[in-house]
2 protein chains.
Amino acid sequence: MSCLVTAPADAPEIVALLARLRGLAPLTEEEAERVAGLARLPARETAARQELRAEGQSAPPLLLLAGWACRVHILPDGRRQIISFLLPGDIIGRGRPSLAELCSINSLTRLRHVDASSLVTGGEETPLARALRALELQEVAQLRDQVVRLGRQMAHERMAGLLLEFEARLTAAGLASGGCFAMPLTQEVLADALGLSVVHLNRTLQQMRREGLIALKGRVVTLKQTAALRSIADWQPPPRLAG
Amino acid sequence: MSCLVTAPADAPEIVALLARLRGLAPLTEEEAERVAGLARLPARETAARQELRAEGQSAPPLLLLAGWACRVHILPDGRRQIISFLLPGDIIGRGRPSLAELCSINSLTRLRHVDASSLVTGGEETPLARALRALELQEVAQLRDQVVRLGRQMAHERMAGLLLEFEARLTAAGLASGGCFAMPLTQEVLADALGLSVVHLNRTLQQMRREGLIALKGRVVTLKQTAALRSIADWQPPPRLAG
DNA sequence: CGCGTTATTGAGGCCGGTCAAACCATGTGG
DNA sequence: CCACATGGTTTGACCGGCCTCAATAACGCG
């Protein structure tokens with residue numbers, strides 16, 4: 001087992017997760033190894049547009065290795081609201097009732113994920129447990145931002161805020177650099193997240209492109225004027241409240 | 001000390017809190033006594049319209065005995081979004097970073113509260129800890145509902161949903177019965193919570209009165225057609241996910 | 001009673017919704 | 001290699017829910 005400690009976990013997703021967790025709490029060697037061990041677990045795949053978990057349904061925690069998913073709520077008449085997004089490197093569920101159990105979770109693209117049960121231990125106050133709690137807290141902070149966006153911001157402000165959130169999260173996951181990243185979402189999904197119609201979202205996006213705030217080629221976004229976007233969206237990087 | 005166990009904690013707020021917690025997890029005698037003990041602590045008061053806590057600021061947990069407060073976010077140009085409400089019987093903060101640290105907390109009325117540090121212990125997996133976690137989870141569920149309201153519902157649907165949430169929470173706190181309760185909020189506060197202008201909120205409220213869905217005298221609300229309201233708002237009572 | 005806050009009402013305008021069609025990329029099977 | 005189907009993007013025209021501005025009525029309180 002000790003030989004495994006020194007063996008680098010070369011899967012880039014795991015490396016990124018490890019870096020992210022270490023930024024939240026100083027993991028012990030044993031814990032770091034536990035995280036690295038996820039790389040050797042069999043990865044599962046889920047197709048796009050599948051219901052990964054129904055609302056209220058309990059299931060073991062998952063580490064998302066690749067692909068995007070979302071928490072979603074559908075109104076009886078078909079209106080759809082995306083509550084939040086799940087990106088590579090995110091952990092879904094905590095082994096006990098949490099945000100994961102409160103909404104249905106749908107895959108937006110093809111997903112790759114592994115069981116992350118090995119990360120959640122009992123109630124001991126370990127560094128890893130603190131890091132995971134901090135991760136959970138970041139999700140709640142995203143929810144708060146989402147409320148502000150939907151409640152009091154204009155279309156372009158909402159879009160700016162969401163893009164900045166994506167950039168920050170993907171950068172933390174090692175999937176963005178220089179404000180440039182892949183965003184495998186249709187405009188309909190963006191509209192359902194931002195509480196807008198597809199048509200208006202489209203026009204908003206075009207306006208922002210015209211103003212040189214962002215660039216969009218295929219599914220690759222580039223934030224061209226991060227400072228301006230931040231000011232538009234009143235967005236600031238998530239606090240580092242380790243718990 | 002054993003004599004205190006049998007002595008009833010006669011403060012009605014504490015009785016309600018105890019009932020609420022017991023509904024979430026079967027407390028031990030010692031824990032019930034710990035909760036009841038809060039009644040003998042000195043209560044503090046805070047005037048209306050005060051910033052109880054600034055965003056990011058850490059502080060000991062509080063049990064709200066009387067009065068209403070809210071988490072709020074103000075945009076640079078003055079637009080205000082109320083994230084969620086804090087009602088009597090709610091616990092603010094958990095002794096470690098939580099939702100409480102993520103937003104500024106403001107009193108909406110005069111408040112009465114006591115320090116609730118005695119409730120939060122270490123990381124042990126006790127029934128009380130589980131009940132408190134379930135309480136925390138309910139707050140997150142309210143956040144989710146708020147996102148759906150603001151993102152995809154019309155003004156009257158939002159209002160219906162919020163009123164149903166108030167009724168459920170106040171009933172749990174022993175402050176509502178028969179769909180009737182005191183709601184010490186100005187229409188401006190309601191508007192800032194629901195992402196509407198005061199003017200439109202006012203008209204929405206009147207429309208709902210005219211339709212016989214609710215009644216409003218002074219600051220007392222009566223839900224006249226709960227079933228209809230539920231259907232309008234797509235609202236359902238919070239799940240009893242004990243953690 | 002007088003003043004500040006809150007509630008209500010009216011008029012007009014804009015942001016964003018809806019409907020509908022055209023355009024485009026991708027992929028599939030003949 | 002093309003005809004066609006499919007899902008996504010883009011446009012245009014029109015509409016309506018909600019906002020803003022502004023003024024008036026109704027409280028509530030010292």
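Note that the structure is a prediction, hence the values are computed from the model and not measured. Chain A is the first sequence line, chain B the second, and so forth, proteins listed ahead of strands; every chain is numbered from 1.
B/His73 and A/Asp145 share no side-chain donor-acceptor pair at under 3.5 Å.
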remark   = Quick tally for nucleotides 5-18 of chain D: nucleotides whose base has a protein heavy atom under 4.0 Å get B, sugar-phosphate-only ones S, the rest -, giving ---SSBBBB----B
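Think of the region where chain B sits on DNA chain C: with heavy atoms and a 4.0 Å cut, that region ends 5' and 3' at C/dT6 to C/dA11.
Counting only heavy atoms from C-beta outward, the side chains of A/Leu150 and A/Gln81 approach each other to under 4.5 Å.
For residues 221-231 of chain A, there are no side chain to side chain donor-acceptor pair (under 3.5 Å) pairs, not counting sequence neighbours. Screening residues 139-171 of chain B for ring-ring contact (aromatic ring centres under 6.0 Å, His included), with sequence neighbours left out, gives B/Trp68-B/Phe166, B/Phe85-B/Phe166.
Side chain of A/Arg71 to main chain of A/Cys103: no donor-acceptor pair is present (N/O by atom type, distance under 3.5 Å, no hydrogens or angles).
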Side-chain donor-acceptor distances from residues 202-209 of chain A under 3.5 Å, at least two apart:
unit_1: A/Asn202; atom_1: OD1; unit_2: A/Gln206; atom_2: NE2; d: 2.2
unit_1: A/Asn202; atom_1: ND2; unit_2: A/Gln187; atom_2: OE1; d: 3.0
unit_1: A/Thr204; atom_1: OG1; unit_2: A/His200; atom_2: O; d: 2.8
unit_1: A/Gln207; atom_1: OE1; unit_2: A/Arg210; atom_2: NH1; d: 2.6
unit_1: A/Gln207; atom_1: NE2; unit_2: A/Glu211; atom_2: OE2; d: 2.7

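Residues passing the salt bridge (Lys or Arg N to Asp or Glu O under 4.0 Å) test with B/Glu136 are B/Arg94, B/Arg96, sequence neighbours excluded.
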